[in-house]
Amino acid sequence: LCMTLTGQSVVAMMKELETQGAREGLQEVGWDFGQGTISGLSPEQGEGLLSCHPYFENLENEANQQFKQELRDQFGEDAFINFITGTAFAQIQLFQKAAEEAGSTDVGDITDKMSDVTVEDSPLGRDISYVPDQQTVHASWIGRANADMKYAPVGQLPAAMPEDMCEEF
């Protein structure tokens, strides 16, 4: 079952599937179902759900472990970490590296350097870079919700740029 729901509709749908006994033999796939959204589900209601994000808290790489520790040191053990948190931090790393290479904090100088830099040690667990049309390029992870309602990575989709027809937008 491929679901494009957002917000609390996800929780309502997953709870109803469990209540109706409809989860057996069904693989639920939720595009962009954030960890915060599914945190309201019990393991019976959400375990096994697949979703796709550029970042999961459970990615096992040194940069991610350091990122999570620093975040918790600053905001406490209950600091909320989701698919946006790690991705946003990786973007900051990209801008920081461009500013360092530009030797300036001028927006034009940083913009000129953006397409020349790559961050190799981001919490995303792989290289990220920037292309001149203001998009970052990185792969996405496929994760399966575990009993703690956190996603465990089970696969990865390669980075892909939009087709040429998107250029006019």
Side-chain angles (χ1 to χ4, degrees), residues 1-95 119 122-128 130-131 133-163 165-166 168-169:
L1 175 63
C2 183
M3 298 177 276
T4 58
L5 305 168
T6 60
Q8 290 307 305
S9 299
V10 174
V11 174
M13 175 64 119
M14 295 301 292
K15 286 181 177 182
E16 190 61 26
L17 287 170
E18 178 63 25
T19 299
Q20 297 297 324
R23 291 198 69 208
E24 189 172 329
L26 185 66
Q27 175 60 68
E28 304 94 349
V29 177
W31 300 119
D32 207 28
F33 283 18
Q35 190 170 295
T37 302
I38 68 167
S39 65
L41 297 172
S42 70
E44 295 77 27
Q45 296 163 337
E47 191 170 7
L49 171 70
L50 293 175
S51 195
C52 181
H53 302 277
Y55 172 81
F56 290 119
E57 179 181 357
N58 290 343
L59 292 176
E60 294 184 17
N61 66 69
E62 189 175 322
N64 188 43
Q65 301 311 313
Q66 180 179 349
F67 163 69
K68 292 188 309 183
Q69 187 59 53
E70 288 175 5
L71 195 67
R72 289 183 174 126
D73 287 349
Q74 184 167 354
F75 298 105
E77 283 301 311
D78 292 334
F80 185 67
I81 300 173
N82 68 2
F83 67 100
I84 297 171
T85 318
T87 308
F89 183 74
Q91 300 298 322
I92 292 167
Q93 288 179 299
L94 197 60
F95 284 115
V119 173
S122 79
L124 306 180
R126 62 209 171 278
D127 296 355
I128 63 166
Y130 176 86
V131 291
D133 63 356
Q134 302 184 27
Q135 298 182 57
T136 55
V137 181
H138 52 74
S140 289
W141 293 97
I142 299 168
R144 184 179 308 277
N146 61 26
D148 295 327
M149 292 300 97
K150 294 187 179 193
Y151 289 105
V154 295
Q156 193 174 38
L157 301 172
M161 292 302 298
E163 296 186 24
M165 67 182 195
C166 292
E168 58 192 71
F169 298 108

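Side chains are part of it too, since the values below use all heavy atoms of this structure and drop only hydrogens, waters and symmetry mates.
No side-chain heavy atom of Pro54 sits under 4.5 Å from any side-chain heavy atom of Trp141. With contacts defined as side-chain heavy-atom distances shorter than 4.5 Å, the pair Gln35/His53 does not qualify. Side-chain contact between Leu1 and Val29: absent, with no pair of heavy atoms (C-beta onward) separated by less than 4.5 Å. Using a 4.5 Å heavy-atom cutoff, the side chains of Ile142 and Tyr151 are not in contact.
Proximity of a side-chain donor or acceptor of Ser51 to a complementary backbone N or O of Gly143 within less than 3.5 Å is not detected. A donor-acceptor pair is defined here as one N or O able to donate and one able to accept, closer than 3.5 Å; such a pair exists between the side chain of Thr19 and the backbone of Lys15. At distances below 3.5 Å, at least one donor-acceptor pair connects side-chain atoms of Gln27 with backbone N or O atoms of Gly48. Formation of a donor-acceptor pair under 3.5 Å by the Gln74 side chain with backbone atoms of Leu71 is not found in this model. One N or O on the side chain of Asn61 and one on the backbone of Pro123 form a donor-acceptor pair closer than 3.5 Å. In terms of modelled atom types and a separation under 3.5 Å, the side chain of Thr87 and the main chain of Phe83 share a donor-acceptor contact.
When all heavy atoms of Ala147 and Pro43 are compared, the pair lying nearest together is O-CG, 3.3 Å. Heavy-atom minimum distance, Ser122 versus Ala63: O-CB, 3.5 Å.
Atom CG of Leu124 sits about 8.5 Å away from atom CG of Asn64, to the nearest 0.5 Å. We find the CE-CE distance between Met14 and Met149 to be 8.0 Å, quoted to the nearest 0.5 Å. To the nearest 0.5 Å, the span separating CG on Leu41 from CZ on Phe33 amounts to 9.5 Å. In this structure, the separation between CZ on Arg72 and CZ on Phe80 is 11.5 Å, given to the nearest 0.5 Å.
The side chain to side chain contact (heavy atoms under 4.5 Å, CB included) search around Ala88 returns none, not counting sequence neighbours.
Side-chain atoms of Gln69 and Gln65 form no donor-acceptor pair, as typed in the model, at a separation below 3.5 Å. Side-chain contact, Asn82 with Tyr55: no donor N or O sits under 3.5 Å from an acceptor N or O. Glu16 and Gln20 form a side-chain donor-acceptor contact under 3.5 Å, judged by distance and modelled atom types alone.
Proximity of the aromatic rings of Phe89 and Phe67 is defined here by a centroid distance below 6.0 angstrom, and this criterion is met.
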Determine, step by step, whether Ile81 and Lys68 satisfy the side-chain contact (heavy atoms from CB on, under 4.5 Å) criterion, reporting the C-alpha distance in whole Å, the side-chain angles of both residues, the deciding distance to 0.1 Å, and the verdict.
CA-CA 8 Å; Ile81 300 173; Lys68 292 188 309 183; 3.9 Å; yes

Is there a side-chain contact (heavy atoms from CB on, under 4.5 Å) between Arg144 and Glu47 once you walk through the steps?
CA-CA 7 Å; Arg144 184 179 308 277; Glu47 191 170 7; over 6 Å; no

Checking Leu50 against Glu28 for the side-chain contact (heavy atoms from CB on, under 4.5 Å) test, could you report, in this order, the C-alpha distance in whole Å, the side-chain angles of both residues, the deciding distance, and whether it holds?
CA-CA 6 Å; Leu50 293 175; Glu28 304 94 349; over 6 Å; no

For Leu49 and Met3, what are the C-alpha separation, side-chain angles and deciding distance, and is it a side-chain contact (heavy atoms from CB on, under 4.5 Å)?
CA-CA 11 Å; Leu49 171 70; Met3 298 177 276; 4.2 Å; yes

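Residue-environment remark: CG (Asp73) exceeds the threshold of 12 foreign heavy atoms within 6.0 Å.
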